[in-house]
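Contents: one structure, followed by commentary.
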Amino acid sequence: MARYDPKETEPKWRAAWDGAGVFTTPAEGGGKPKYYVLEMFPYPSGRIHMGHVRNYTMGDVVARYKRAKGFNVLHPMGWDAFGMPAENAAMERGVHPKGWTFANIDGMRDQLKQLGLSIDWSREFATCEPQYYGKQQAWFLKLMETGLVYRKEAQVNWDPVDMTVLANEQVIDGKGWRSGAVVEKRKLTQWFLRITDYADDLIEGLKTLDRWPDKVRLMQENWIGRSKGLRFSFNWAGPAPEGLEDGLAVYTTRPDTLFGASFVGIAPDHPLAEQLAAADPRVAAFVAECRKGGTSEADIEGAPKLGMDTGISVVHPFDPDWKLPVWIANFILSEYGTGAIFGCPAHDQRDLDFARKYNLPVTPVVLPNGADPAEFQVENEAYVGPGKIFNSKFMDGLEVEPAKAAAIERIEAQGQGEGATVYRLRDWGVSRQRYWGCPIPVLYCDACGVVPVPADQLPVVLPDDVTFDVPGNPLLRHPTWRHVSCPTCGGPAERETDTLDTFMDSSWYFARFADPHATEPVNKAAADYWLPVDQYIGGVEHAILHLLYARFVTRALKDVGLLSVAEPFAGLFTQGMVNHETYFQAGTDARPVWVEPAVVEFYAEAGQRRARVAATGEPLVIGDVEKMSKSKKNTVAPEDIIAAYGVDAARLFVVSDSPPERDFHWSTGGVEGAGRFVSRAWNEFDAQPSAGSAGMAAGSDPKSDELRRATHKLIKAVGESIEGFKFNSGIAKLYEFLNILKGFPAEGASAAVIAARAEALSAFARLIAPFTPHLAEEAWVRLGETGMAVDAPWPEYDPGLAADSELVLPVQVNGKRRGEVHVAKGAAEADVRQLALADAGVQVHLAGVTVRKVIIVQDRIINIVAN
RNA sequence: GGGGACGUGGUGGAAUGGUAGACACAGCAGACUUAAAAUCUGCAGGCGAAAGCCGUCCGGGUUCGAGUCCCGGCGUCCCUACCA
């Protein structure tokens, strides 16, 4: 009996699949239902890691399963290829971003192909290819025509040394992550997409996504942050400041507490504050003080409330004689609502902190149920619960919600404002002052202003001849690229040198896969057939930005007629990370000296698992299980694992030990176990006598029946586990079945058992195929089946065989298991009752007590209540 | 501060309200071997010689029956954050 050698069989079968073109997606239609499986496409960083292996294996399990179930499956792969790491590499190593990116893609493609994924590589593309980003420019211009794209000034984090804009996460302690220079706030005119136009629809759409995790839907809902309230304007008590003749606009979700107002607050960068600062150095100094302080969590958390009375007053909307002071306050955000609030200290904690600090009045207007209006007071904790409104004239006695409605109605009647819905979501700034991205297809002409690049001049291609030896955007200093003539007037014009946020690239690639060579951005017919993606799989870290942008862009493309669906991903699955134990040198607990797993060996000491350096015997401490990272040195390289155990073992292991949505604990022992399964499974296939000797009319005996039942139960269980994304349970069943199979050795077996084994092994080969596809092919040949396992249909189970006909039911007395009875499935209650009461173990516990009740759950359990 | 998830052996985990701990890792014992590795077989929640008792973070509750449902704690992790 030959030992199974994955090194020999695996490349052979990948070549066979490739040669037969089995994963090239057939044309649309053809009678089969379609199924689109997509894993979030990778950034070509250089090498694949175990996270990729797990992610793409999960997608492949689904894709191969659906293929076998008779679906027309689309399972493509591409590259999210624009982005900063390429520019960083250019600056650090003098390589060109393009060369670096494509070299990485070549390397990673080879690695991914080694995983034996059922991917249609003919649809592959990279977002940095003009054939892709040129189409992106085309639809960007379409959105511009419909007004979804606009320009406005916005603040950015500016690194004065690198002369570049930084994302928030690149600002560390107020300094640029690379240069270490103190970051400045700068205002730049930038391009924005009106995602806020779709805020409501994006929230409503979440309700239709019943195959998305609740967690992700909730995160998106919170991110969009819809709140209903009242927007209104205070009238000035004195002369109106310039440009604010219509009053001071505020937004509130608690109009019911208007009679508890004690001040009005504005943000430090509110137009009124800026106006006052320009006129008064004291105000200017205060505003500057507010701006100091970092934006980190800790800074905000500990930041004290700061305020300054402007000396200006406004009139309370419900009482012309009531004047409220206007304060500048550091805790008010200019970007949310109107950048101004009315402060109600009794019922808002921030307002209360502020009022206590500056001795402003605190007037409760919501009385908690059961509290005495004469005695109720707010000390240092604002009351935000339910209750009845008091101290509030026309609202007195109302509950909170009716009071809100009453206040809004009154304000609207006065013509001072209206009920309004406000979102936390901001418009999407897509300009990036970088080279390695999709050029924004726009020109600036002195005479004509902003001019879109005409469609026939697309794509606007990135120039290759750029340098990274000096800081700043290479496009800006390129000698010729930006200088063009205006397509409208023929005069001199300049190109936009900003490129698009790479999230734009990943917001529509799933639609491009429907036909990656289409002349239009999207081949409508192909997209109509394939979209939405039936199963999207990726990391939960994309739960908000990527998935929200993709949902938005899909809607926008629908509105310009390029797509027919509003939701791109009908099903979403978010998989967990890959973790690994850490190891460090003994005695370095305070500042651990990490040791990589490759040099570690394990041994047992007093029944405990210990670690040491294999070469030297130096003792090591086994640390926590953490996300694989270079800094902790707890990574393992997929290529090493594949070389040692084979692809099938690696694939099997990454989906076997934890539920897919949870973090996965990589271990050497674990992958060895998966490798053992592969070779033991092969041994069972190999032990089966060739088909001819069994014969078809083998009949049946109790042994063969038992095996057949186990087989059909397995088919049912594995199918259900894949459908339900419980791969770990399905694989456990496969392991279990292999153990069962050992109880039915081929040697010396009856013809009936040999036949039952043949049925079992044929099914087993197909059931393991999504996980260990190479082994499945090898087994398929060994079993004498025709064709390839990859083309074999998923086995069907016989419901009659998948359920037991003889059952062993536990019998409980007062909830404790005391015995068991053997009954036929569906046995009559009276018979079961009699058997249960007669059981010896049960009898012991019924001595001296009276049976009060017997609960029989059909085919499940019997519980006897006695006392 | 707000929102969410989770808490089961030494470990990862399994269990439509119905026999808790499937399956695997680590461990232990045995077989094979001159020996080791590999492989195979077996044991294995705790206490107990056994019968049995106790066991799913803690405390209550619902139920014939709770890991699972409800209420109140504690703990861990994730997201979000001066969002009016």
Side-chain angles (χ1 to χ4, degrees), chain A residues 3 213-216 218-219 221-223 225-227 229-230 250-254 257 265 267 297 299-301 303-305 329-333 335-344 347-351 353-354 384 422-426 540-541 543-544 579 581 602 604-610 622 625 653 656-659 661-674 676-677 679-680 683 726 728-739 742 808-820 844 852-857 859-866:
Chain A
R3 202 183 141 79
D214 290 343
K215 181 170 88 166
V216 174
L218 192 67
M219 281 164 76
E221 195 176 332
N222 290 340
W223 186 261
R226 178 166 61 190
S227 73
L230 168 68
V250 300
Y251 173 74
T252 180
T253 55
R254 294 298 304 271
T257 64
E297 289 174 32
D299 290 336
I300 291 169
E301 186 111 25
K305 299 274 182 289
N330 68 336
F331 67 93
I332 298 168
L333 304 173
E335 295 181 326
Y336 183 76
T338 62
I341 61 154
F342 84 85
C344 176
H347 305 292
D348 183 287
Q349 190 60 45
R350 293 156 305 178
D351 296 348
D353 295 344
F354 190 78
V384 295
V422 164
Y423 301 91
R424 214 189 70 115
L425 184 70
R426 312 278 146 77
V540 73
E541 67 273 19
I544 296 175
N579 296 345
E581 267 178 345
F602 303 98
E605 190 175 81
Q608 295 278 303
R609 182 167 160 272
R610 303 277 163 118
I622 299 176
V625 175
F653 181 47
S656 68
D657 240 22
S658 298
E661 70 277 11
R662 258 193 252 178
D663 286 355
F664 177 74
H665 179 165
W666 180 275
S667 69
T668 306
V671 71
E672 281 170 359
R676 268 197 293 277
F677 173 82
S679 56
R680 284 168 49 203
N683 292 345
K726 295 165 126 189
N728 55 322
S729 297
I731 291 167
K733 291 278 193 285
L734 291 170
Y735 274 79
E736 203 176 358
F737 186 75
L738 193 57
N739 293 335
K742 270 188 267 178
V808 182
L809 301 185
V811 183
Q812 297 180 332
V813 177
N814 293 328
K816 286 188 193 294
R817 186 179 184 281
R818 299 301 183 189
E820 59 185 38
V844 171
R852 303 289 174 192
K853 200 172 170 186
V854 179
I855 292 138
I856 298 173
V857 182
D859 298 339
R860 269 279 173 199
I861 199 167
I862 298 102
N863 191 15
I864 299 165
V865 184

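Lettering follows sequence order; numbering is per chain, from 1. Bear in mind the structure is a predicted one, so any value in this text is a computation, not a measurement. Excluded from the calculations below are hydrogen atoms, water molecules and symmetry mates; all remaining heavy atoms, backbone and side chain alike, are included.
Rounded to whole Å, the separation between the P atoms of rG12(B) and rG1(B) comes to 30 Å. rG7(B) and rU11(B) are spaced 15 Å apart, taking the C1' atom of each and rounding to whole Å. For the C1' atoms, the distance linking rU63(B) with rG17(B) amounts to 9 Å, nearest Å. Rounded to whole Å, the separation between the P atoms of rC69(B) and rA14(B) comes to 15 Å. Annotation: rA26(B) and rU33(B) have their P atoms spaced 25 Å apart (nearest Å). Taking the C1' atom of each, rU19(B) and rG67(B) are spaced 14 Å apart, rounded to whole Å. Comparing the C1' positions of rC82(B) and rC77(B) gives a spacing of 25 Å, expressed to the nearest Å. Separation of the C1' atoms belonging to rC6(B) and rG61(B) is 22 Å when rounded to the nearest angstrom.
Nearest-nucleotide mapping onto RNA chain B: of Ala604(A) and Lys853(A), the residue sitting toward the 5' end is Ala604(A). Each of Ala340(A) and Val865(A) has a nearest nucleotide on RNA chain B; the 5'-most of these lies closest to Val865(A).
Listed nucleotides rC83(B), rA26(B), rA84(B) differ in distance to Arg609(A); the shortest reach to its side chain belongs to rA26(B). Residue Pro810(A) has its side chain nearest to rU19(B) when only rA81(B), rC82(B), rU19(B) are considered. Distances were taken from every side-chain heavy atom of Arg350(A) (C-beta onward) to each of rC82(B), rC53(B), rG18(B); the shortest belongs to rC82(B). Nearest nucleotide to the side chain of Ile544(A), out of rG18(B), rC25(B), rU80(B): rU80(B). Side chain of Ser658(A), nearest nucleotide from rG18(B), rG13(B), rC83(B): rG13(B). Distance from the side chain of Arg426(A) is smallest for rC83(B) among the nucleotides rA26(B), rA81(B), rC83(B). Side-chain proximity of Thr253(A) to rA84(B), rU80(B), rC82(B): nearest is rA84(B). Minimum atom distance to the side chain of Asn222(A) is reached by rG3(B), of the listed rG3(B), rU16(B), rA84(B). Among the nucleotides rA84(B), rG18(B), rU80(B), the one closest to any side-chain atom of Val857(A) is rG18(B).
To the nearest angstrom, P of rC25(B) lies 9 Å from CD of Glu672(A). If you measure from atom NZ of Lys215(A) to atom C1' of rC79(B), you get 8 Å, rounded to the nearest angstrom. At whole-Å resolution of the value, NZ in Lys816(A) and C1' in rA51(B) are 15 Å apart. Atom-to-atom, CD of Glu661(A) to P of rG4(B) comes out at 19 Å; the value is rounded to the nearest Å. For the pair Asn330(A) CG and rA84(B) P, the interatomic distance rounds to 17 Å; values are reported in whole Å.
Using a cutoff of 4.0 Å between basic side-chain nitrogens and carboxylate oxygens, Arg609(A) and Glu581(A) are scored as salt-bridged.
A distance of 12.0 Å separates CZ of Arg226(A) from CG of Leu425(A), quoted to the nearest 0.5 Å.
Ser227(A) comes within contact range of the sugar-phosphate backbone alone, with a heavy-atom separation under 4.0 Å but no base atom that close. Note on Val422(A): nothing from the nucleic acid sits closer than 4.0 angstrom, heavy atoms only. Contacts of Leu734(A) with the nucleic acid, taken as non-hydrogen atoms under 4.0 Å apart, are absent.
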(message) Working note: Asp348(A) + Arg254(A), criterion side-chain contact (heavy atoms from CB on, under 4.5 Å); need CA distance, chi angles, decisive distance, verdict.
(response) CA-CA 10 Å; Asp348(A) 183 287; Arg254(A) 294 298 304 271; over 6 Å; no

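Scanning for ring-ring contact (aromatic ring centres under 6.0 Å, His included) contacts around Phe331(A) gives Phe354(A), with sequence neighbours left out. With sequence neighbours excluded, the residues satisfying side chain to side chain contact (heavy atoms under 4.5 Å, CB included) with Glu820(A) are Val808(A), Arg817(A), His822(A). Residues satisfying the side chain to side chain contact (heavy atoms under 4.5 Å, CB included) test with Asn814(A), not counting sequence neighbours, are Val865(A). Take Asp351(A) and apply the salt bridge (Lys or Arg N to Asp or Glu O under 4.0 Å) test, not counting sequence neighbours, and it matches no residue.
The phosphate of rA15(B) has OP1 or OP2 within less than 4.0 Å of a side-chain N or O from Lys726(A). Of the side-chain N and O atoms in Arg662(A), one or more sit less than 4.0 angstrom from OP1 or OP2 of rG13(B).
Side-chain to base pairing of Lys305(A) with rC82(B): one donor and one acceptor N or O lie within less than 3.5 Å of each other. Residue-to-nucleotide contacts include no donor-acceptor pair under 3.5 Å from the side chain of Arg3(A) to the base of rU39(B).
The side-chain heavy atoms of Phe677(A) and Leu734(A), taken from C-beta on, include a pair separated by under 4.5 Å. Between Asp657(A) and Trp666(A) the shortest side-chain heavy-atom distance does not fall below 4.5 Å. With contacts defined as side-chain heavy-atom distances shorter than 4.5 Å, the pair Arg818(A)/Ile864(A) does not qualify.
No hydrogens or angles considered: a donor-acceptor pair under 3.5 Å links the side chains of Ser227(A) and Tyr251(A).
Regarding the sugar-base torsion, rG9(B) falls in the syn class, its angle being within 90° of 0.
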Which atom pairs link the protein and nucleotides 20-24 of chain B when you take only N or O atoms and keep those under 3.5 Å?
from    : atom 1 : to        : atom 2 : distance (Å)
rA22(B) : O2'    : Glu736(A) : OE2    : 3.3
rA24(B) : OP1    : Asn739(A) : ND2    : 3.4

Check nucleotides 55-60 of chain B against the protein and report each pair of N or O atoms closer than 3.5 Å, with its distance, or say if there are none.
none

